[in-house]
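Just below is one structure, and these are the notes that go with it.
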Amino acid sequence: MRLSKSFIPTLKENPSEAVIPSHILMIRAGLVRQLSAGIYSWLPLGYKVLRKIMDIIREEMNNIGGQEFHYPALNPKDIWEQTGRVEAFGDILFHVKNRDYVLAPTHEEIVAFHAKGEIVSYKDLPQIWYQIQTKFRNEPRPRSGVIRGRQFIMKDAYTLDKDEAGLDVGYELHDKAYRAIFDRCGLKYFVVGASSGAMGGSKSEEFMVKSEAGEDTVAYCESCGYAANVEVAQSNAQPIERENESKEIFDIHTPNVKSIDDLCAFLKINERQTAKSRIYINDDKPVLVLMLGNDEVNETKLTNVLGGNVRPAHPDELKEISGADAGSIGPIGFKHKIIADLLLKDGNNLYSGANKNDYHIGGIDLMRDVPNIEYHDLRIVKSGEKCIRCGSQLDVFKAIELGHIFKLGTKYSEALGVMFLDETGKEKPVVMGSYGIGVERILACFIEQNYDDKGIIWKDPLSPFDIHLIGLNMKNSLVAETTEKLYNDLQKEGFEVLFDDRIEGSAGVKFNDADLLGMPIQIIVGEKNLKENKVEIKNRRSGNKKVVELEKLIDSLQEIF
RNA sequence: CGGGGAGUAGCUCAGCCCGGCUAGAGCGCUUGGUUUGGGACCAAGAAGUCGCAGGUUCGAAUCCUGUCUCCCCGACCA
């Protein structure tokens, strides 16, 4: 492609709307332009990369027997009401104003709709259905460019099986396909166990890329590969040990002592002698959650334990529920349900709030003083704690979710009546799995992992072009003739070539644009080297340059590729 | 939703606090010329209802009120 005739608008300065490197570079290199918050137009160069990614996805999905569909984005609302997901998605679901339609944020319902009545026998199963399609989610806060948008391209796949064993097979196939896709795209990623959240279902795993721009927090063990979303992550943090003798309960006046740190400093005690209290509202009923020291409550774990809706109590509700404000709340005399983290199990001689402002209580014995207390794993794992599997240090960091695979089970098939007859003539619900990849996130994550201060550094097979051919001073007839011939010859050899044939523009402009756009190989043709019948090859990643004879150029390139 | 920042030329921004001549700069763009191995130079030029609406004032980019949009942080850590 000739740069002089292409729409590849590059920017010298960083755009004000972008913060993370991939976002900045995608705008500067002319891959995307923003239309509105979380809504982007793909420009030709960006879309060329996106198509390469989609081709890889298609190949790998077809490899595991996937069949490509294209479902509508515009869906009748009533089908979403049948599965209860109009309410479950809430404000995230886009509603059409002048007809009872919604814009689909995912497609379980539509897959189930089409399966119903057509998948009627165990002989029709299994099926793997997938599509690459635009999804709509009314994100309250889009961010980081295309990483979280209100409109985005997703590869979503669905397996239909007659039983759990079949689902296991489909799940494993997707696990394999996803690894192949991300490997081929050249990404460094890892796989974590995850909470299935609002999707329902049992097992689920996320494919993640480490990044400051990530929205998930992950615990990862370098030495054994243990990786889990902090929503479900565990460590081998040790429970407190019960002391031989329990003291009697006693009150302590603790003016202006609000936090556990304050309390420890004030009483000169260890964090592991304290129990922090937090009050949650579980379906209108208050629950006191006791944590060891400064451990934080993992609300996902808490929700899984309690069921129903769980939210932290508002500050103005605290006094009515407990008799005290934040900082002085505790288990003694608390009139509602109390649950505690496992690390506190059967602890004694503990300090906690007195449910009276500016007072704490010491000598608490959870066995003696708090009847009916329940213990669960409720804490958030912290960096530096020991891995639950191998005992090495865990690293906790942010990550971007590239893909997610779920074992759904029969939630949607039962809700929508997707039934088949098994070998014995018995009617059963189809067992479903659901699998998604954020297509644009692959591109953004690739750039996050492959750039320098000059720009993007592509590599095969995502690179939009193999070679960036630069003609310096195209007014010089020898340069012009040589580059024109090279442009044709290289394409005949099967290379995709971006040809900077612009007549205007100094050498510096062309070099900088080439570095910004980031094709793996640059071929630089200038008068100086041409006098000796030579041209220069530059490796974008290493920066290494080599001057070769014109006749040997193709051979040199063959060695590189 | 809560908090913070921003909206002035295609882009990046100054001017606003403390109202006052024709609203500026750099980059980009157009024309002509000189240049051509790391974002060149000279000359001439086009380009902005200062986000929108209302108000205060003799006078508003600047002050006040409302509103829209965009970016960032957070999602109630006792």
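Each chain gets a letter, A, B and so on, in the order its sequence line appears, and its residues count up from 1.
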### Query
Out of A:Asn298, A:Val230, A:Leu344, A:Leu343, which one pairs with A:Arg379 under the side chain to side chain contact (heavy atoms under 4.5 Å, CB included) rule?
A:Leu343
## Note on the structure
Applying the 3.5 Å cut-off to both distances, the Watson-Crick or G-U partner of B:G74 turns out to be B:C1
### Message
Salt bridge or not between A:Lys301 and A:Asp377? Use side-chain N to carboxylate O under 4.0 Å.
### Response
yes
### Query
Relative to A:Phe397, does A:Lys210 satisfy both conditions: NZ or CZ under 6.0 angstrom from the six-membered ring centre, and within 45 degrees of the ring's axis?
yes
### Query
Roughly how far apart, to the nearest Å, are B:C16 and B:C50 at atom C1'?
11 Å
### Query
From the 5' end of RNA chain B to its 3' end, which nucleotides mark the outer limits of contact with chain A, defined by a 4.0 Å heavy-atom distance cut-off (strictly under)?
B:C11 to B:A78
### Task
Would you mind classifying the nucleic acid contact of A:Asp515 as base, sugar-phosphate or nothing, using non-hydrogen atoms under 4.0 angstrom?
base
### Message
Just to be sure I understand the rule, does A:Pro9 reach a base, reach only the sugar-phosphate, or reach nothing, if contact means heavy atoms closer than 4.0 Å?
### Response
nothing
### Task
Quick one: look up who B:G45 pairs with, Watson-Crick or G-U, both distances under 3.5 Å, and put none if it's unpaired.
B:C29
### Query
Looking for any heavy atom pair under 4.0 Å, which part of the strands does A:Lys319 touch: base, sugar-phosphate only, or nothing?
nothing
## Note on the structure
If pairing means Watson-Crick or G-U wobble with both distances under 3.5 Å, then the partner of B:C52 is B:G66
### Task
Would you mind classifying the nucleic acid contact of A:Ser277 as base, sugar-phosphate or nothing, using non-hydrogen atoms under 4.0 angstrom?
base
### Query
Below 4.0 angstrom, N of the basic side chain to O of the carboxylate: do A:Glu484 and A:Arg2 qualify?
yes
### Query
Does A:His360 use its side chain to pair, donor to acceptor, with the backbone of A:Gly327 at less than 3.5 Å?
yes
### Task
Would you mind classifying the nucleic acid contact of A:Glu536 as base, sugar-phosphate or nothing, using non-hydrogen atoms under 4.0 angstrom?
base
### Task
Can you tell me, in whole Å, how much space there is between the P of B:A14 and that of B:G7?
7 Å
### Message
Taking any heavy-atom pair under 4.0 Å as a contact, classify A:Arg311: base, sugar-phosphate, or nothing.
### Response
nothing
### Task
Would you mind checking if A:Asp325 and A:Lys258 are paired as a salt bridge, meaning a charged N to carboxylate O distance below 4.0 Å?
no
### Query
Which part of the nucleic acid, if any, lies within contact of A:Arg502, taking any heavy atom under 4.0 Å across all strands shown: a base, the sugar-phosphate backbone alone, or nothing?
nothing
### Query
When rounded to the nearest Å, what value does the distance between P atoms of B:C17 and B:C63 take?
5 Å
#### Entry: Within 45° cone and under 6.0 Å: A:Lys538 NZ/CZ vs A:Phe511 ring
no
#### Entry: Most 5' of A:Ser328 and A:Gly526 on RNA chain B, judged by nearest nucleotide
A:Gly526
### Task
Please state the C1' separation for the pair B:U56 and B:A9 - nearest whole angstrom.
30 Å
### Sugar-phosphate only, base, or nothing, as touched by A:Lys258 at under 4.0 Å among non-hydrogen atoms
sugar-phosphate
### Query
Reckon A:Asn529 touches a base, only the sugar-phosphate, or nothing at all at heavy-atom distances under 4.0 Å?
base
### Message
Strictly distance-based, threshold 3.5 Å: is any side-chain N or O of A:Asp452 a donor or acceptor partner for the main-chain N or O of A:Gly455?
### Response
yes
### Task
Run the numbers on A:Lys534 and A:Glu551 for salt bridge (charged side-chain N to carboxylate O under 4.0 Å, His left out), then give the verdict.
CA-CA 8 Å; A:Lys534 287 178 176 172; A:Glu551 290 75 32; over 6 Å; no
### Task
Take atom P in B:G15 and the same atom in B:G51, then report the distance between them in whole Å.
15 Å
#### Entry: Residue whose nearest RNA chain B nucleotide is more 5′ - A:Ala313 or A:Arg143
A:Arg143
### Message
Regarding A:Thr10, tell me which of base, sugar-phosphate or nothing describes its non-hydrogen contacts under 4.0 Å with the strands shown.
### Response
nothing
### Paired nucleotide for B:A60 [Watson-Crick or G-U wobble; both distances under 3.5 Å]
none
### Task
For B:U62 and B:G19, measure between their P atoms and round to the nearest Å.
12 Å
### Query
Just checking A:Ile260: base, sugar-phosphate only, or nothing, at a heavy-atom cut-off of under 4.0 Å?
nothing
### Query
Within the structure shown, what part of the strands sits under 4.0 Å from A:Glu299 by heavy-atom distance: base, sugar-phosphate, or nothing?
sugar-phosphate
### Task
Could you give the distance separating B:A53 and B:A40 at their C1' atoms, to the nearest angstrom?
47 Å
### Task
Report the base-pairing partner of B:A40 (Watson-Crick or G-U wobble, both distances below 3.5 angstrom), or none.
B:U34
### Query
NA contact type, A:Val19, heavy-atom cut-off 4.0 Å: base, sugar-phosphate, or nothing?
sugar-phosphate
### Query
Which one is paired to B:C17, where only Watson-Crick or G-U wobble pairs with both distances under 3.5 angstrom count?
none
### Task
Assign A:Gly505 to base, sugar-phosphate, or nothing according to its heavy-atom contacts below 4.0 angstrom with the strands shown.
base
### Task
Using the C1' atom on both, measure B:U8 against B:G24 and round to a whole Å.
10 Å
